[in-house]
Each structure stands twice: as structure tokens, then as C-alpha cells.
4 protein chains.
Amino acid sequence: MEQKPIPMTGAEKRRTARISQILDAAAHCFVEMGFHRAGMAKIAARAKMSPGHIYHYFESKEAIIAAIVDRESARAAERFAEFDAVDSTELASVMTERAVQSIAEKTDILQSVLNMEMLAECQRNPEIACIIHKHDRYVRDQLTHLIRDKLGLDLAEARTDMMMVQFSGLANRLLRNPDLDLQNMVVLMRQTMMSILSPTIGHEAK
Amino acid sequence: MEQKPIPMTGAEKRRTARISQILDAAAHCFVEMGFHRAGMAKIAARAKMSPGHIYHYFESKEAIIAAIVDRESARAAERFAEFDAVDSTELASVMTERAVQSIAEKTDILQSVLNMEMLAECQRNPEIACIIHKHDRYVRDQLTHLIRDKLGLDLAEARTDMMMVQFSGLANRLLRNPDLDLQNMVVLMRQTMMSILSPTIGHEAK
Amino acid sequence: MEQKPIPMTGAEKRRTARISQILDAAAHCFVEMGFHRAGMAKIAARAKMSPGHIYHYFESKEAIIAAIVDRESARAAERFAEFDAVDSTELASVMTERAVQSIAEKTDILQSVLNMEMLAECQRNPEIACIIHKHDRYVRDQLTHLIRDKLGLDLAEARTDMMMVQFSGLANRLLRNPDLDLQNMVVLMRQTMMSILSPTIGHEAK
Amino acid sequence: MEQKPIPMTGAEKRRTARISQILDAAAHCFVEMGFHRAGMAKIAARAKMSPGHIYHYFESKEAIIAAIVDRESARAAERFAEFDAVDSTELASVMTERAVQSIAEKTDILQSVLNMEMLAECQRNPEIACIIHKHDRYVRDQLTHLIRDKLGLDLAEARTDMMMVQFSGLANRLLRNPDLDLQNMVVLMRQTMMSILSPTIGHEAK
DNA sequence: CATGAATGAGCTTTCATTCAT
DNA sequence: GATGAATGAAAGCTCATTCAT
């Protein structure tokens, strides 16, 4: 998951650029029409390429979908990496800000749509499932490490998952309630994040 | 949203049964293949009907999708109605149980897939958006009423949305992490629910 | 082609009325959409009848088309019958007036559309051809009789056909040139009609 | 309406040839079955092409119909161009010969069927109407110019339309009366043409 | 007599993919 | 590498006709 800067030849660079072009076009089309309504012709047109040529880089449309799922998951995972550097007392706040911030922009609603497509596909296509689970495990491992080793908390895996419930739950909520009052949500979200990271769990409660 | 038992004629009963047949078949196919990959032919075959005959009951495939979205949203809303009868001191616990319980069954993962499809479509199709937002508003109104009038809490709308973040977030989480440890999650979830319903918010925190 | 007033029973009257209802609806739909795009369902709806019930009166859609062709041709033939009573010196004028008058109304443009459909179908369907030729022969016989016996002219068949060229040609012209100046056309048409009915033909000319 | 011989690339030639192939096939099928009964599958088969590929050249079946209407109308217009070179004293004779000649062949009956389809469609589809009216205006302009400037006659527009009444009227007549005696018709037609082009109109008459 | 549910073939159109150039 | 012509199966949908009620 880490980028080792192996130098590329010109041809390789060109190839990578081409692939990015295709994936960008595909992502756009998938958001706009869904995986299965977006035609190769439209993707090709957006990528400024002939439909036939796409098959020099991808074996099939399924392969493009898989590549998109991989790229988007990797990008999401990357965004979690920055929490590593955060001071432990501020983690809840930083995460809250991040969660709220990330849905405050229009771009992220589109991102959410792509995520919905990915998760739906994930239940049907084992290859997609594998990619998604892989990235999720990576993110969880990072976060769990943070929570267990840096914050010294128990139930680290469960707390991790619960943190992540907040992220995806918030994105989901915005889709269903477009009038969501983020102003007030942020207060509740911060309290919730802190509650999840509270050392005393299952002790005082009940 | 209430069921008034108006007696039906034989023809009406038959019609309603046929429509149910179609919607059941469609829901199944949509889960299995997605809205846009599920062909009318397959839906028809599952509904034990000729493809042409479906058009006696639905104007188009889009109309079937809309009907499915409406039906599923209504069913989800119904499930929230039972919280009305819950004693206020137990609300957090009941909701937690409900949230965890509802994702513990295989049926609900399929339900989640349908939800993903619906939310993706919601960003593309204004008619679908309208249906989803309508049902979400209804559920929120119920829950807000509960929180404000029965529990006497402020920030009722925000707390409502935050509660619902937990439900959809949890369902989402299970799709990404199929090994989710529900056992431990339930503890955290109950604490989170209680935290959201805690009278002191934004006061002690910070 | 003549109406002998045989008294009808109530049931027969009802039947005739039903058939008229269907033919009126069909004619309307055929004008609006063409023979092969007008669906039985639409015809049935316009005739305020169930689709199935139409088959009590007509064996097939083809039979309805044939009946329409028959009825419309018969009506057109009827309109020619009134020329019988016209004074021979006025025939050209009366026919001119009739020809121009008949296309001056909107109704007759629709009539023309139906005629176009009929003539196109006539080249494909022998049964339709038979009906059209039968009525045309009837009209020609009448007109030829008039020209030969009342006006005492030679070449009666050819003159008849030439007269009829004017009728259909004028209707055709209006479809292609909707700005047709009828005011001036009427002068030319009268002269043409008179020329066709002129006793000296092939004699002075050339 | 004039042909400028711009040289074509190989690809352009191929494209033009393909389009001709489709239009020829379509014209054949339209004559045989009518616009709306001729299926794309049959047109494709006749054009020796897959059904799907037709959509590389035409947006829809409607577009093919429009192209056919345009091509046939243009061809018909072209045929009128030759009258320009005719000596004014012979115009009536030449036109008569042309009118009679053009319907004497089987090809032109088929042409007539296509014309019927076109005129029927013209009343339903504004785009088709526009194409037909455009070509008709072009032909009329040519003929009016001839009659007014070369023959020096008044009422040029009306005479033009009246000439054209003869052409379409004759074609129409042959469809209704397949036993039409062309031998005798030609005499009457020549006299009629001359009558229409006679300098004294509305003067002696009446 | 009258309905409208039901069928299944056929309609126009789209689409992933291949391949000659 | 790059094109876009070409395919053929499948998509959503329509329609003439039948038949149980």
C-alpha cells in the first residue's frame, strides 16, 4: 500500500497516464449512471480514446470496475493515514472534523454514490469483495494499532469499527436527509467519538 | 401510513397480489444483479408472468424501481414505529438491540444491498430522491417527537439524525468488514446510543 | 351500392351501431398514426370498448382496415352520385367547385391522409386492392355514363379518368404545398375541366 | 441542389456507400411493407449489415425515414430540371410525355407507393413535412420561373401548381384504376397541359 | 354481450467486445 | 499504439390476439 518511487520509463509513464485517463472517465460515468448503465462508448469518449483502445489496458469492463474499486478504496485508506500523526488527546476532535468536513463538499456526495455502487457490487462479485475487504482491513489495522498502542485502550478492534460506523453512517445520512443540520451534528459527533474512545466502557454503563 | 381495512373486490385482490408478485420478483432480482442489470425478462420469469404482462401493472421498469424504493422505505419506516411504545429509560438499549439484531441476519445484508442501490439511484433520479426523502422525513419526525416530547431533550433533530447514523453506519460496516465482531460492538453501540441521548451535550464536553 | 331500407331488428341496429363506433375510432386512429402504428388497444379505447370485444365484430385488424377502406371508398363514391342531377352545361363548373371546395376544409386533409394510407396498402394487400378497384370502377361507370350518354362525348372512359386525375391531384397538391393559392387555382381548374369535356379533342389540338 | 465534386477520402467513400446501402434497403422495405411495418432487422438484412451497425449511421429509424423522404424528393426534383432546356412551344408535349412515360413503368408504381407513405407521414411528422415542402418549393420555383420568364405568362404560380396536379393526379389514378388506358389518356393530357399553358385564361372562359 | 388479464413474438435500440487497418 | 467499423445478443417495451370470467 506504500508508494516506492521506482523510476519509470517514458513508455511506462505514458501507460500509467492512459490508465488514469480511463479510470477518471470511468469514475465519472459510474457516478452519473451506475456501473451497468455506463457504456464503454461513453467512457471511451470521456477518456478521449476509441472504445477499442481501452481493451489494450483493461481486459474487460469488469476489470475497469475492479480497478476503480481498488483505486477509490486505496484513496480512502490514504486519508486515514494522517490520523497517525495526531496527538492522542485530539483524536476524537480531529476525526469529527474530518468526518463532517468530508461530507460538507459536493464532491463527497458523488464519492458516496460511488461507494454505494461499490458496496452493492461487493455482495455480488467476489473479486470486488476481496478488494474492498483488503483495503478495509488495512485501514482497520492502522486505526486499531493507533487505538491499542498509542491510546492504550482495550476493545481496539470494536472501537475501530465503531469509529468507522460514524464515517460511513454520516455519509449515508446526508444522502437520505439532504437538509441535514451539520452545525448541530458536529457537536453530537464529537461527543460520540469521545465516547467511543473513552477508557471506561461496559463498566459504568449499566 | 396507516392501514385502513377497506374491503377489496376479487379483482382488486388479484391485482394487488399480482403487483406484490412482481415487486417480490423485482426485489429479488435487484438484490442479485442491481437495478440496471436485472432484465425485465428475468423479473417476469421470477414473477411467473410474461414480460409483456408486467406492463399492465407498471408503466416502465423505472416505475417498478420507484415502487420497490417506496415499498422498502415504507417497510423500514414501519420498523421504527415500535420505538414509540418503549419506556424512555430503555430506548438506548432497545435501539441498540434492534440495530445489532437487524444486521445479524443474512436477510438484512441483502436488504442493505437494496439500500445501497436505492441511495445510488437517489442521486441520479429525482423521483427516487423524492420518495426516499419523504420516508426519511417521516421516520425522523416520529423519532424527533419521541426525543423532544417524551425524553424532553433539546437538539432533538440532530440527535435523531445521529441515531440514524448508527443504524445505516452499522449496516454499511458489515458490508466492508464481514468479520465484524458483533459481540463487542453491541457494548460500544449501547454506550454510543446512550451518549447521543444524554441530556448534557456540548456542556461538559469541551 | 344502393341502400334498400330493409327494416332491422333491435339487435341488428345495435350491432350496426357498434360497428360504426369501431370504424369511427379506427379511422381516427389510422389518420393520426397510420394503419400499422395504431394499436387495437387505442382503437378500443376510442371506441369505448374492451380490446377483446372488438373481435366479436371483426376477425382481425386487417378486417378493420378492409372495412375502413370499403366505407371510405363508398362514401367517396356517394359524393360523385350528385353529379347525375347536374345540367350538362354546368358540369365543369360544378365539378370544379366540388373539387376545390372539398379540399378547402381541414377535414378533407385528414381524409387525404386516409386515402394515402389506403393507396399504399392497396399495392401490398390484394384484398384491399380489390375493394378500391371495385369502388373506383363504380364511380367511373357512373361518370362515363354521364359523359357518353348525357353529354354525348367520345373517349368517355379517358375523359372520366382525366376528370378524376384532377380530384386526386388537387388533394395531393395541397399536401405538398400547404400555401396553395386556391383563389387562382379555381380559375385554372374550371378551364381544365371544360377542356376535358370539350367535344373537339385530338382534332384541333396539334 | 448542385453537385460540387469535392474529392472524398477512402473512409468517406466507404461511409457514403454504406449509407446508400442502408437507404436502398430501407426504400425497398418501405415500399414492400410501409414505414412502420418494415422492421430494422429486415432493413439490416437487406443492407447486409447487422441491425446494430445501422445505428452508426442513423440515430433512429425516424432518421432513416427522413433521409429516404429527402432523397426521394430530391430525385423527383431533379427530374423536373430537364424541362429547363425544352423549347417553349413544346413544353406541354414534353411534360405530357414525361408524365405518361413516368407512370408506364412498374418502377414508378413502387415510387408512387413510397410517395403515398411520405405524404401520409407528412401530416403527422413536422420534420418530414419540412423536408417535403422544401423540395416542393424548389421544384415550383423552377417551374414558375420557366412559365413566367420564358413563356411570359401571368398566374405563373397557379399554372405551376396546376401542372403538378396532373403529375401526381395521374400517378394516383393508376393506383386506383390499374386498367387505365394510357393510349387515350395521353391525348387528353396533352390538351390539358396546353390548356393550362394557354395565354388566355379567365378571359374567354365564362 | 362484454371485460381485461394474459401471452409471446416482435419491435427499436444499446452494448461489450473484436478486429482489420 | 490507436482507430472505429462491425457484430449479435440482449435490453426495455408494444402489440394482435385469446380466453376465463
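FYI, side chains are in, hydrogens and waters are out, and symmetry mates aren't considered; it's all heavy atoms of this structure. Just so it is clear: chains get the letters A, B, ... in the order the sequence lines come, proteins before strands, and each one is counted from 1.
Less than 4.0 Å separates DNA chain F from at least one heavy atom of each of the following residues of residues 43-53 of chain D: D/Met49, D/Ser50, D/Gly52, D/His53.
Remark: DNA chain F forms stems of 3 or more consecutive Watson-Crick or G-U wobble pairs, all pair distances under 3.5 Å, at E:2-21 with F:2-21.
In this model, no donor atom of one side chain and acceptor atom of the other lie less than 3.5 Å apart for D/Glu72 and D/Asn115. For the residue pair B/His36 / B/Glu117, no side-chain donor-acceptor distance below 3.5 Å is found, with atom types taken as modelled.
Backbone-only engagement by B/Arg14 is indicated by non-hydrogen atom pairs under 4.0 Å involving sugar-phosphate atoms exclusively. Among the atoms of the strands shown, none is found under 4.0 Å from any heavy atom of C/Ala63.
Nearest-nucleotide positions on DNA chain E for B/Arg18 and D/Ala41 put B/Arg18 closer to the 5' end.
For D/Tyr57 and F/dA6, the shortest distance from a side-chain N or O to OP1 or OP2 is below 4.0 Å. A close approach under 4.0 Å does not occur between any side-chain nitrogen or oxygen of D/Arg37 and OP1 or OP2 of E/dT12.
Surrounding CZ of C/Arg46 are at most 12 heavy atoms belonging to other residues, nucleotides or ligands under 6.0 Å away.
Atom CD1 of D/Ile64 is separated from atom CD1 of D/Ile54 by 5.0 Å, given to the nearest 0.5 angstrom.
Taking both residues in full, the closest heavy atoms of C/Met33 and C/Arg37 are given as O-CB, 3.1 Å, listed atom of the first, atom of the second, then distance.
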